[in-house]
Amino acid sequence: KEIAIKKLLGGARTTLIFQYVTETILLCFVAFSLAILFSFLSEPVFDNMLNTKLYLGREFSGQLILASLIGVIFIGFLSGIIPAFIITKLDTVEVLKGSFRRKSRGLYSKILIGFQYVVVIVLLISAAVISRQTLFMINRYPGFNTKNILWFENTIKPSQEAGLRSQMMSIPGVKRVSFVEGSPIEGGFNNTFTYHHKLVGFQVFRVDSSFFPMMQMKITPTGVAYSKNGIWLNEKAIQMLGLDSLPKSFVVMSKNKPVLGVVNNFNYRSLRNFIGPLEIEQLGSQKYKYPWGILVQLGGNNITSTVDHIRKTYSHFNGNMPFVYRFFNQVIANWYQSEKRTAFIISYFTLLSIVISIMGILAMSLYYTRQKTKEIGIRKVNGASVSEIIKLLTKDFVKWVVIAFIIAIPIAWYAMHRWLQNFAYKTSLSWWIFALAGIAVLFIAMATVSWQTFTVARKNPVESLRYE
């Protein structure tokens, strides 16, 4: 209307276009300045989220500032020039009557709002699926005990092992000590051999007698008499070698290996990988042995004090070298840090999209109710109730939410299905995740719209009819 009035007063079209584009560019500069301010304010959040230091202040340079200014001017020009040409070309009387807005602006706004609905629904589903998969991986039982198991590197001489074990077992809170070559959180070493003309690759652990009681793995004995050369195979290895369910032995590289038991499959890598074949040997069964890791199972309530006692005891044996340790459950949780960060980032973007969507819906509802003010007044005079008027004003928004939901479902399903293919063990794409996302967006839309429509619906019809 402002441009229409200026045209009536003799304003040139080029002048009006220049004014419109200039105002748009100025708005872009204001938005750009606020964006920089919020970027600095949110820097600590992203530092924590990405586990890094961004140092945004260091990134500013003459070239970056110049490129940013050019970018803002370009975006402002592009955003303003097309509407300016359209608006200044319209018939002045038509614009003043508001018929242009009723014919076109409503449709454009609804399409944009519908697009925002699609984005919000896709992000909500993505955040839910990623969070669910991350929790699934963290909480899934890996097939071995992870509670209060301490791992640290073995830096002592083989002749000191017995003495260290004895002293550590005397520490209050220490239940078991195990020397190992390979463990579930670090893997073992690879052993590749030819079996029945087929190349087979195994992971190999070498462990002492405390390992199995500490790990609480489920083992099915084969009934073979104990032998110091006896081994244990996991179920995957039995399957790959084509052996009986409880094999007595198998021959590899002309050596007969007695099988003492079959270990239930357990995850010795993250859930991104399938469980592979595993052979567990007895430590000392080989000519040379040097366990590179030490496992300590802790008990009691004062874990911190027990770990400190272990550190002091170990320092007497390794010449006060740094004591670096890891807990099993912490290592397993760290396997999925990237998924945690992804879920966190998606959640932030989802929240931002919801806020933007609410702003858009609110603006659209204000515009829509103003367009319907006269109609609302006439309906109220004819006896329409407040609930009927609210239903009239909100049904259009419900329709666009439904359309957006139909569009968003295949997009979200495809994206999350592809993402889940990165994991050997994964959660399912349950229907209720999609349903909840749609319901959540519908609730957001209705909550935003209902407030405005309720206010308009309760107005005196005399005021509504006086509007136009």
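Only a predicted model underlies this, so the values are computations on that prediction, with no experimental measurement involved.
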> Is the side chain of Tyr336 donor-acceptor paired with the backbone N or O of Leu135 at a distance under 3.5 Å, no angle test?
no
> Give, for atom OG1 of Thr350 and atom OH of Tyr348, the distance between the pair rounded to the nearest 0.5 Å.
12.0 Å
> Which atom names give the shortest non-hydrogen contact between Ile231 and Phe250, and what distance separates them?
CD1-CE2, 3.5 Å
> Hey, is the main chain of Leu64 close enough, under 3.5 Å, to the side chain of Ser68 for a donor-acceptor pair?
yes
> Test side-chain contact (heavy atoms from CB on, under 4.5 Å) on Met214 and Asn145; report intermediate values, then the result.
CA-CA 7 Å; Met214 183 185 295; Asn145 180 32; 5.5 Å; no
> Specify the closest pair of heavy atoms between Tyr117 and Val441, including all atoms of both residues, with the distance to one decimal.
CD2-CG1, 3.8 Å
> Can you tell me how far CZ of Phe434 sits from CD1 of Ile125, rounded to the nearest 0.5 angstrom?
5.0 Å
> Are Tyr195 and Phe193 close enough that some pair of their side-chain heavy atoms sits under 4.5 Å apart?
yes
> Keeping Asn234 on the side-chain end and Leu278 on the backbone end, is there a donor-acceptor pair under 3.5 Å?
yes
> Step through it carefully: locate the ring centre of Phe323, locate the ring centre of Tyr325, and say whether they are under 6.0 Å apart.
yes
> Quick one: are Arg272 and Asn422 in side-chain contact, heavy atoms under 4.5 Å?
no
> Could you give the distance from CZ (Arg206) to CD (Gln282), rounded to the nearest 0.5 Å?
11.5 Å
> Counting only heavy atoms not in Tyr414 (residues, nucleotides, ligands), do more than 12 fall under 6.0 Å from its OH?
no
> Show, in sequence, the C-alpha distance, side-chain angles and deciding distance for Thr304 and Asp308, and conclude whether the side-chain contact (heavy atoms from CB on, under 4.5 Å) test is met.
CA-CA 6 Å; Thr304 305; Asp308 190 54; 5.8 Å; no
> Around atom NZ of Lys426, are there more than 12 heavy atoms of other residues, nucleotides or ligands at under 6.0 Å?
yes
> Test side-chain contact (heavy atoms from CB on, under 4.5 Å) on Leu295 and Val177; report intermediate values, then the result.
CA-CA 6 Å; Leu295 307 179; Val177 178; over 6 Å; no
> Evaluate the side-chain hydrogen bond (donor to acceptor under 3.5 Å, both in side chains) criterion for residues Gln167 and Tyr314: first the C-alpha distance (whole Å), next the side-chain angles of each, then the deciding distance (0.1 Å), finally the verdict.
CA-CA 9 Å; Gln167 289 199 28; Tyr314 194 52; over 6 Å; no
> Are Lys218 and Glu235 within salt-bridge range, i.e. N to O under 4.0 Å?
no
> Is any side-chain heavy atom of Ser131 closer than 4.5 Å to a side-chain heavy atom of Glu339?
no
> Ring centres under 6.0 Å, that's the criterion: do Phe274 and Tyr425 meet it?
yes
> Could you grab the distance from atom OG of Ser315 to atom CD1 of Ile310, nearest 0.5 Å is fine?
12.0 Å
> Heavy-atom distance under 4.5 Å between the side chains of Val180 and Ile294, does that happen here?
no
> Please examine the side chains of Ile275 and Phe266, heavy atoms only from C-beta on, and report whether any two atoms are closer than 4.5 Å.
no
> Of all heavy-atom pairs between Lys257 and Glu281, which one has the smallest distance, and what is that distance?
NZ-OE2, 3.7 Å
> After noting the C-alpha distance and the side-chain angles of Gln297 and Asn148, does the key distance pass the side-chain hydrogen bond (donor to acceptor under 3.5 Å, both in side chains) rule?
CA-CA 6 Å; Gln297 184 178 12; Asn148 295 336; over 6 Å; no
> Please report the shortest heavy-atom distance between Val120 and Ser353, naming the atom on each side.
CG2-O, 3.6 Å
> Tell me if a side-chain donor or acceptor on Asn302 pairs with a main-chain N or O of Ser305 at a distance below 3.5 Å.
yes
> Just by distance, do the side chain of Ser227 and the backbone of Asn229 share a donor-acceptor pair under 3.5 Å?
yes
> Give a yes or no answer on whether the side chain of Gln421 reaches the backbone of Arg418 with a donor-acceptor pair at less than 3.5 Å.
no
> Could you walk me through whether Trp292 and Glu186 pass the side-chain hydrogen bond (donor to acceptor under 3.5 Å, both in side chains) test, one step at a time?
CA-CA 11 Å; Trp292 62 70; Glu186 57 172 338; 3.2 Å; yes
> Which of parallel (below 30°), tilted (30 to 60°) and perpendicular (above 60°) describes Phe205 and Phe211?
perpendicular
> I'd like to know whether Phe212 forms a ring-ring contact (aromatic ring centres under 6.0 Å, His included) with Trp232, so could you lay out the CA-CA distance, the side-chain angles of the two residues, the decisive distance to 0.1 Å, and finally the verdict.
CA-CA 11 Å; Phe212 286 121; Trp232 294 265; 4.9 Å; yes
> If you apply the rule side-chain contact (heavy atoms from CB on, under 4.5 Å), what do you find for Leu123 with Ile354, and how did you get there?
CA-CA 10 Å; Leu123 287 175; Ile354 290 172; over 6 Å; no
> Nearest 0.5 angstrom please: Phe144 CZ to Ser183 OG, how far?
8.0 Å
> Please check this pair: side chain of Asn265 against backbone of Asn267, looking for a donor-acceptor N/O pair closer than 3.5 Å.
no
> I need the minimum non-hydrogen distance between Ala408 and Val118, along with the two atoms involved.
CB-O, 3.9 Å
> Would you say the side chain of Val207 lies within less than 4.5 Å of the side chain of Ile280, judging by non-hydrogen atoms?
yes
> How about Thr146 and Asn329: does a side-chain donor come under 3.5 Å of a side-chain acceptor?
no
> Tell me if a side-chain donor or acceptor on Asn139 pairs with a main-chain N or O of Phe136 at a distance below 3.5 Å.
no
> Does some side-chain heavy atom of Val259 sit less than 4.5 Å from a side-chain heavy atom of Leu243?
no
> Can you see which heavy atom on Ala343 is nearest to which on Ile130, and at what distance?
CB-CG2, 3.6 Å
> Any donor-acceptor pair under 3.5 Å linking the side chain of Glu181 with the backbone of Tyr290?
yes
> Could you grab the distance from atom CG of Leu34 to atom CZ of Phe38, nearest 0.5 Å is fine?
6.0 Å
> A quick test of your reading: do over 12 heavy atoms of other residues, nucleotides or ligands sit less than 6.0 Å from CZ of Phe327?
yes
> Under a 4.0 Å threshold between the charged nitrogen and the carboxylate oxygen, would Arg165 count as salt-bridged to Asp208?
yes
> Within the supplied structure, the quantity of interest is the number of heavy atoms (other residues, nucleotides, ligands) at a distance under 6.0 Å from Asn301 CG; does it exceed 12?
no
> State, with a plain yes or no, whether a side-chain heavy atom of Ile73 is found less than 4.5 Å away from one of Phe29.
yes
> Please confirm whether the backbone N or O of Arg269 pairs with a side-chain atom of Asn273, one donor and one acceptor, at under 3.5 Å?
no
